[in-house]
Amino acid sequence: MVSEQVSEQSPLLSNEGEGSTRADHGSDSGNGGADMDRRRRWSRLREAGIFIWALVATAAVIVIAVWAQHNQQTSRPPSRADKRNLVFMVSDGMGPASLSLTRSFRQHVDGLPDNDTLVLDKHFWGSSRTRSSNSLVTDSAAGATAFSCGKKSYNGAISVLPDYEPCGSVLEAAKRAGYMTGLVVTTDITDATPACFASHVLLRQMQDDIALQEVGHGVLGRSVDLMLGGGRCHFLPNGTDGSCRADDVDVVKLAQDKYGWTYTDSRDGFDKLKGGKKAKLPLLGLFASSDIPFELDRQNENDVYPSLSEMAKTALRALERATSDSDRGFFLMIEGSRIDHAGHINDPAAQVREVLEYDKAFKAVLDFIDDTQTETVLVATSDHETGGLATALQEPGHLPVYNWYPQALAQASSSCERLAGKLQDYVSKQPSPLSQSDLKTWINDELVVSGLGVTDATDEELSLLATDPDDATSNFAAIISLRAHVGWSTHGHTAVDVNVYSSGGPQAASIRGNVENTDVGKFLSHYLDVDVDAITEELREKTARPSVIAAAGAEHAAPQWTSNYHEYDGLQ
Ligand SMILES: *[C@@H]1O[C@H](CO)[C@@H](O)[C@H](O)[C@H]1NC(C)=O
Ligand SMILES: *[C@@H]1O[C@H](CO)[C@@H](O)[C@H](O)[C@H]1NC(C)=O
Ligand SMILES: [Zn+2]
């Protein structure tokens, strides 16, 4: 009875019932009333049957859907078909003008046609806006937080938001989801960009803490499986040779003993990894006390330091091998860290070699993608531009010249940083102060001509170098920039949009065109299908906050914030 009443309320079912009744009526006209009653009852029964069936079917569909969704949210077992790798490359401080500069430089030195382009050019995807939460001009910390957390923060923040609370990074979320993870850089592995993927501190200067968190000595435990780069000094206890830590914590030993890392600090150790085939993860490779030398200098020291592309290839193979039996792939961040440094110094000769090496590393990732069986996407962008680079320069008192001169960069065999180091070293080793003219002669012969490749340095230029060796880096850079007719507007960063590059495909469609840097960050976690918000919650639950933290405005925090391992052990 109940179902009958309900069926009458259901227009679909009752119409259907009426329809069939009418049809019966038409075809069986002339039959007796009892027959009609029987048919009507039969029709009602059928109606009820159909309705119950529909009800049960609907309920079953709902139950299955809810169960499936719940299952997906809680314990979605990864399948081979879902397996994917993500390589995220960061060209720190590389704006669009760096590409024009390097492209034309390469055409010049390699005798290539005017239409020859970089590998990057062929994979142009769009551009990214870069401002931070508190400034139109970002620094690398806020820039990398936009990538790691997908959120804007203040300049100096290492995966911490404007409320001074930590935000989960895509690398940490990836590790929790079963991916293997890696960081490859040419600067300190504790520097802002890599730091944002594997640590949380209020200020980027807190590199002692960053080192600890990166090896696993933080509230989340270990999230990184492979780290290659520079910055060894942050891992050695104070008082030992080559340490820059404020405390006496031996982070290398802690990493090995407590968190199972294998460690190498030499080119020989790098070579023994056999391009990743012999890498035992977790693997920590710190090949320089601080920065790995600029590529321009490193080329002459290849037996001491591996290059960015070599480290990238090794990392790719090591992570691929480590995930070969897994249903999850890997997340790898590769940074061309020192494009930014060349920009800060305003050294165009160093910068073009940095960009070329970055282009080579980009190509190595593309080759890996061609080769691997696992779906892999490469996305590459910059955190910001550095230097306000212009591929033209109007000299004061001169008319504009519609050209710049790559041949001036081709003559240089040393970076300005290296030349300044040599000058300071030379001056400090003199038993008695040199005469200005002797020093100028030495500077011209040994550094300007043979290092910069500039043969027409003026007396004024040489005097600047001789009188202020400590500030020689930017004076060398001004000499070569002028010869090349390359302009710079700042020794800092700028707000210009930066390019986005990708191996492409529908997966990366969401970051096509002009996007916000946080869109790039959101893409990373969406592509890997990992939950950064869950990591944020966990971090906020587990992070004890002494009142001093809550009280301190991070922007105004004094240098004493530079970490003390014991004090901040509980915090991070
Ligand atoms: C570049 O220019 C050369 C002629 O100088 C031409 O043969 C070649 O097809 C061009 N390449 C591209 C990619 O347009
Ligand atoms: C080294 O670190 C310890 C604490 O870890 C500190 O007591 C000591 O003063 C430090 N020494 C130097 C020379 O900085
Ligand atoms: Zn910078």
Side-chain angles (χ1 to χ4, degrees), residues 90-95 98 103-104 106-107 110-119 121-124 130-132 135 137-147 155-158 185-188 190-196 204-209 211-212 217 233-251 253-254 290-291 294 335-347 350-351 354-355 358 381-389 417 473-474 477 488-496 498 517 559-560 562-569:
V90 179
S91 42
D92 200 308
M94 183 179 82
S98 299
R103 193 188 302 129
S104 300
R106 191 172 77 146
Q107 288 170 7
D110 292 348
L112 299 165
D114 295 353
N115 59 3
D116 184 77
T117 57
L118 302 173
V119 180
D121 290 321
K122 298 176 180 72
H123 295 271
F124 179 78
T130 66
R131 73 156 298 164
S132 70
S135 176
V137 178
T138 188
D139 83 320
S140 292
T145 299
F147 301 144
N155 288 3
I158 301 294
V185 302
T186 48
T187 185
D188 297 16
T190 52
D191 197 47
T193 307
C196 282
R204 58 184 296 172
Q205 288 84 350
M206 298 165 71
Q207 296 189 63
D208 288 359
D209 282 333
L212 285 166
H217 204 63
C233 76
H234 303 286
F235 293 75
L236 305 175
N238 72 3
T240 59
D241 227 21
S243 168
C244 57
R245 287 190 73 82
D247 61 27
D248 56 6
V249 181
D250 187 339
V251 185
K253 189 165 187 310
L254 181 76
S290 180
D291 296 318
F294 281 122
E335 185 192 35
S337 318
R338 305 205 67 205
I339 299 168
D340 173 65
H341 297 184
H344 280 290
I345 293 167
N346 294 358
D347 182 346
Q351 180 160 99
E354 291 301 298
V355 175
Y358 182 76
T381 189
S382 309
D383 43 3
H384 54 77
E385 197 268 356
T386 302
L389 171 65
E417 176 186 78
T473 311
S474 52
W488 303 91
S489 67
T490 175
H491 283 284
H493 299 170
T494 71
V496 71
V498 294
N517 55 4
Q560 62 259 30
T562 302
S563 73
N564 176 305
Y565 160 63
H566 300 289
E567 245 177 77
Y568 291 98
D569 199 28

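Whatever order the structure lists them in is the order used to number ligands and atoms, beginning at 1. This structure is a prediction, so every number in the text was calculated from the model and none was measured. All heavy atoms count here, side chains included; hydrogens, waters and symmetry mates do not.
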| query | Going by the order shown, which atoms of ligand 2 are within less than 4.0 Å of some heavy atom of Asp247? | reply | 2 (O), 5 (O)

| request: Give a yes-or-no answer on whether the side chains of His384 and Ser140 include a donor-acceptor pair shorter than 3.5 Å. | output: yes

| message | Within the structure provided, determine whether Thr186 and Glu335 are in side-chain contact (heavy-atom separation under 4.5 Å). | response | no

| field | Given Leu212, Asp208, Asp250, Thr190, the one that forms side-chain contact (heavy atoms from CB on, under 4.5 Å) with Phe235 | value | Thr190

| Do any N or O atoms from the side chain of Asn238 and from the backbone of Ala246 form a donor-acceptor pair under 3.5 angstrom? | yes

| message | I want to check something: taking the side chain as every heavy atom from C-beta on, are Asp340 and Glu354 in contact at a cut-off of under 4.5 Å? | response | no

| message | Quick check on the Zn ion (ligand 3): does His493 put an N/O/S atom closer than 2.8 Å to it? | response | yes

| task | Compile the protein residues with any heavy atom at a distance under 4.0 Å from an atom of ligand 1; present them by chain, then by number. | result | Asn115

| said: I'd like to know if the Zn ion (ligand 3) has an N/O/S atom from Asp340 within less than 2.8 Å of it, counting both backbone and side-chain atoms. | reply: yes

| request: Specify side chain, backbone, both or neither for Pro237, according to which of its non-hydrogen atoms lie closer than 4.0 Å to ligand 2. | output: neither

| message | I'd like to check Val249 versus His217 (side-chain heavy atoms, cut-off strictly below 4.5 Å). Are they in contact? | response | no

| task | Please confirm whether the backbone N or O of Gly93 pairs with a side-chain atom of Asp383, one donor and one acceptor, at under 3.5 Å? | result | yes

| Ser132 side chain to Ser135 main-chain N or O, any donor-acceptor pair under 3.5 Å? | yes

| Proximity to ligand 2 by part of Asp248, non-hydrogen separation under 4.0 Å | both

| Heavy-atom closest contact (His234 atom, Ala211 atom, distance) | O-CB, 3.7 Å

| Do you see an N/O/S atom of His344, backbone or side chain, under 2.8 Å from the Zn ion (ligand 3)? | yes

